[in-house]
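Some notes on the structure that comes next.
Side-chain atoms are counted along with the backbone in the values below, which use heavy atoms only and exclude waters and symmetry mates. Each chain gets a letter, A, B and so on, in the order its sequence line appears, and its residues count up from 1.
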Amino acid sequence: MHKNSFFEDVFEVVRLIPKGKISTYGAIAEYLGTKGAARMVGWALNQCNDTGKENIPAHRVVNRKGLLTGKIHFRGKSMGGLLRADGIQISNNQIMDFENLLWEPRKELL
DNA sequence: AATGTGACACAAT
DNA sequence: TATTGTGCCACAT
């Protein structure tokens, strides 16, 4: 069952984030059973910039405070713009109503 | 095989 | 309350 690498697991979970919702690095790492690998989740998502992984809504993953810490790593379109396209409101790199929009795979995918 | 890295998370100050 | 420092784990080199 561990055929997929950690990165691929991350991609798979991120792909499941519904439009209009967002998740966090820590929540995803925790769901994958490696709670301490939150940083690794971000690094994995960095690979999303590569062609072929454009289906992955990396913009829906933020840190646990709802801050768009990863926006600087986006090439081309801005992270905030993509989130707004999902109907999410942003103010000063902070997702509005963050807690209400949070999608935790640990709960949702159970 | 060992060391370095990183889009985090948390505790201590 | 805001900063700072440390842990953390899987991947890259």
Side-chain angles (χ1 to χ4, degrees):
Chain A
M1 305 292 242
H2 295 52
K3 205 117 187 355
N4 288 0
S5 68
F6 178 81
F7 277 23
E8 290 175 348
D9 288 340
V10 170
F11 299 148
E12 195 168 335
V13 173
V14 173
R15 255 189 278 252
L16 295 177
I17 302 175
K19 180 179 181 180
K21 291 279 192 174
I22 50 86
S23 193
T24 70
Y25 306 104
I28 293 171
E30 182 180 45
Y31 173 73
L32 295 178
T34 55
K35 186 184 178 187
R39 315 180 74 182
M40 206 42 47
V41 173
W43 199 17
L45 292 179
N46 193 17
Q47 302 295 320
C48 289
N49 284 321
D50 297 341
T51 50
K53 301 202 166 79
E54 298 174 347
N55 312 6
I56 304 171
H59 61 277
R60 291 177 189 158
V61 185
V62 297
N63 74 357
R64 78 175 196 84
K65 296 177 184 173
L67 289 169
L68 279 54
T69 52
K71 72 180 297 185
I72 59 182
H73 292 278
F74 275 77
R75 307 172 194 169
K77 295 154 193 171
S78 76
M79 190 173 183
L82 292 168
L83 285 170
R84 286 188 173 274
D86 284 350
I88 294 172
Q89 296 181 337
I90 311 228
S91 175
N92 193 16
N93 288 346
Q94 166 70 45
I95 292 183
M96 309 302 291
D97 201 14
F98 162 68
E99 293 186 3
N100 193 4
L101 297 176
L102 180 58
W103 182 85
E104 298 180 83
R106 166 103 177 199
K107 292 183 181 177
E108 307 289 345
L109 301 178
L110 191 50

Span of DNA chain C engaged by chain A, first through last nucleotide within the 4.0 Å heavy-atom cut-off, is C:dG7 to C:dA12
Check this for me: A:Gln94, atom CD, are more than 12 non-hydrogen atoms of other residues, nucleotides or ligands nearer than 6.0 Å? yes
Would you say A:Arg106 has more than 12 foreign heavy atoms packed within less than 6.0 Å of its CZ? no
A:Phe74 near the nucleic acid: base, sugar-phosphate alone, or nothing, with a heavy-atom cut-off under 4.0 Å? base
Exam field: side chain A:Ser23 to backbone A:Val61, donor-acceptor pair closer than 3.5 Å: no
pair A:Leu102-A:Ile22: side-chain heavy atoms closer than 4.5 Å: yes
NZ/A:Lys21 to CD1/A:Ile88 distance, rounded to the nearest 0.5 angstrom? 9.5 Å
B:dA7 C1' sits how many Å from A:Ile22 CD1, rounded? 14 Å
Looking at CZ of A:Arg60 and NZ of A:Lys19, how far apart are the two atoms once the value is rounded to the nearest 0.5 Å? 7.5 Å
Taking atom CD of A:Glu12 as the centre, report whether more than 12 heavy atoms of other residues, nucleotides or ligands fall under 6.0 Å from it. no
Keeping A:Arg84 on the side-chain end and A:Ile90 on the backbone end, is there a donor-acceptor pair under 3.5 Å? yes
Let me have a per-nucleotide readout for nucleotides 8-13 of chain B, 5' to 3', with B, S or -, counting only protein heavy atoms under 4.0 Å. BSS---
